[in-house]
**Student:** 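Have a look at this one before I ask anything.
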Amino acid sequence: MKFLLRLFKEYEISLNKNSYNKLKKFIDLIINYPVNLTAIKDFEIAFKSLILDSIYPFIKFAKLKDNYKFLDIGTGGGIPGIPLSIVYPKINFTLLDSIEKKIKGVKFFINELDLENANAISERVEIFSKNNLSSFDYITAKAVSRSDVLLEYAAPLLKTDGLLFLYKGPTYISEERKYLIKAAEKIYFDIVEEHYYRLFEKDRVFIILKKTGETPSTFPRKIGMALKKPLGGI
């Protein structure tokens, strides 16, 4: 489609034909899926919001290594995990969500797109963590929770020296950064990069954090505690 080619050219994104076609197919699948996994039903808007918004900061700011393990926490309908697994076919992705009907849809998408490098699991992150301590090289989450809460979810699951990638909007500096800094000090993370950019006339921030030490044995906390008593304060 000419729209997609123009979009990729505008944002200087180059993908092979296989990845390009799979991204298009994914949008067709998710906007027509019988269970509502996205409120967006227009193809062009969905491609911008679900695909480009997911892959752009990784392509521009991250250097990912092949054969590493990548976790998407709170994947919902597969965002950003499915677009990323298409763009990075040599990285192994796990897409996690606590809601079974969402994961059922994600498993359907993975099968239809023939994504051999992706799998989907329905489980609370606090429970999943207990059986997967220090198992992942990379973790991300999109539109899930406040930054310090996401940091706590990710900490037990990341290997030491592993990276956490956060997508945030224009209120990050004024409303979230101070909480993230406080939480990072408590559970041994450094903010290594903060990238400020504009996409579709909206301000964005892409934050990269590095796990610098072993997560205290008190984590993961009981279900709901990360939200009820966030590490960064209230």
Side-chain angles (χ1 to χ4, degrees), residues 1-31 38 40 43-96 106 109-110 113-118 136-144 147 150 154 158 161-170 172 191-210:
M1 297 174 68
K2 291 183 178 180
F3 159 75
L4 299 184
L5 294 174
R6 288 199 308 270
L7 197 63
F8 278 25
K9 183 177 181 180
E10 179 181 354
Y11 290 98
E12 299 178 335
I13 292 175
S14 178
L15 298 176
N16 62 47
K17 186 176 181 180
N18 184 53
S19 295
Y20 178 80
N21 288 336
K22 284 189 175 184
L23 290 172
K24 288 197 299 180
K25 183 175 180 179
F26 172 57
I27 291 300
D28 281 329
L29 289 170
I30 194 170
I31 66 177
T38 176
I40 305 169
F43 182 92
E44 293 188 5
I45 296 173
F47 201 92
K48 286 182 177 181
S49 299
L50 303 181
I51 300 295
L52 200 57
D53 198 41
S54 294
I55 68 174
Y56 179 84
F58 277 93
I59 291 172
K60 294 299 179 182
F61 309 125
K63 296 179 180 179
L64 304 184
K65 295 182 179 179
D66 291 348
N67 302 313
Y68 273 29
K69 294 178 68 177
F70 197 130
L71 176 66
D72 174 14
I73 296 175
T75 192
I79 303 299
I82 287 182
L84 290 175
S85 68
I86 292 171
V87 173
Y88 297 100
K90 294 182 180 180
I91 294 176
N92 301 305
F93 286 83
T94 297
L95 282 58
L96 181 70
V106 173
F109 302 148
I110 288 172
L113 294 165
D114 194 27
L115 297 177
E116 296 181 357
N117 64 322
F136 294 91
D137 304 284
Y138 305 130
I139 295 180
T140 195
K142 195 170 190 289
V144 173
S147 299
L150 292 173
L158 262 181
D161 294 327
L163 299 177
L164 171 64
F165 304 95
L166 299 179
Y167 302 81
K168 289 294 167 179
Y172 164 71
I191 299 173
V192 293
E193 295 178 36
E194 291 174 312
H195 297 278
Y196 298 83
Y197 61 103
R198 284 181 66 80
L199 199 62
F200 316 127
E201 300 182 356
K202 293 181 180 179
D203 292 325
R204 300 279 199 274
V205 188
F206 188 64
I207 306 110
I208 304 176
L209 298 104
K210 184 176 183 178

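All figures in this text were calculated on a predicted structure; none of them were measured in a lab. One is the number of the first residue; the rest follow in order along the sequence.
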**Student:** Ion pair present between Lys69 and Asp137, side-chain N to carboxylate O less than 4.0 angstrom?
**Tutor:**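 Asp137 and Lys69: not salt-bridged.
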**Student:** Only one of Val87, Ile86, Ile79 clears side chain to side chain contact (heavy atoms under 4.5 Å, CB included) with Pro83; which?
**Tutor:**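 Exactly one candidate clears the test, Ile79.
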**Student:** So, for Phe93 and Tyr88, is the gap between ring centers shorter than 6.0 Å?
**Tutor:**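 Not close enough - the centres of the two rings lie 6.0 Å or further apart.
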**Student:** Are the charged groups of Asp53 and Arg204 less than 4.0 angstrom apart, N to O?
**Tutor:**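 Between Arg204 and Asp53 there is a salt bridge, with a charged N closer than 4.0 Å to a carboxylate O.
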**Student:** Relative to the ring of Tyr11, is the ring of Phe200 parallel (under 30°), tilted (30 to 60°) or perpendicular (over 60°)?
**Tutor:**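 If you compare the ring of Phe200 with that of Tyr11, the planes turn out perpendicular.
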**Student:** Return the orientation label for the Tyr197 and Phe61 ring planes: parallel under 30°, perpendicular over 60°, tilted otherwise.
**Tutor:**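 Ring orientation of Tyr197 relative to Phe61: tilted.
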**Student:** For a quick test of reading the model, state the closest non-hydrogen atom pair linking Ile82 to Gly77 and the distance between them.
**Tutor:**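 The pair with the smallest heavy-atom distance is CD1-O, 4.4 Å.
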**Student:** Do you know which of Ile91, Leu84, Ile59 makes side chain to side chain contact (heavy atoms under 4.5 Å, CB included) with Leu64?
**Tutor:**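 That would be Ile91; it is the only one of Ile91, Leu84, Ile59 passing the side chain to side chain contact (heavy atoms under 4.5 Å, CB included) with Leu64.
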**Student:** Between Leu150 and Lys168, is any pair of side-chain heavy atoms under 4.5 Å apart?
**Tutor:**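 A side-chain contact exists here, since the closest heavy-atom pair is under 4.5 Å.
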**Student:** Okay, side chain of Lys22, backbone of Leu113: is any donor-acceptor separation there less than 3.5 Å?
**Tutor:**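 The answer is yes, because a donor-acceptor pair under 3.5 Å joins these two groups.
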**Student:** Quick check: Phe47 with Phe26 (ring centres under 6.0 Å apart)?
**Tutor:**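 Judged by ring-centre distance (under 6.0 Å), Phe26 and Phe47 do not meet the cut-off.
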**Student:** Measure from the side-chain N and O atoms of Tyr172 to the backbone N and O of Tyr167, and report whether any donor-acceptor pair falls under 3.5 Å.
**Tutor:**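 Absent.
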**Student:** Inspect the surroundings of OH in Tyr68 and state if more than 12 heavy atoms from other residues, nucleotides or ligands are less than 6.0 Å away.
**Tutor:**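 Atom OH in Tyr68 is not packed in, count stays at 12 or less.
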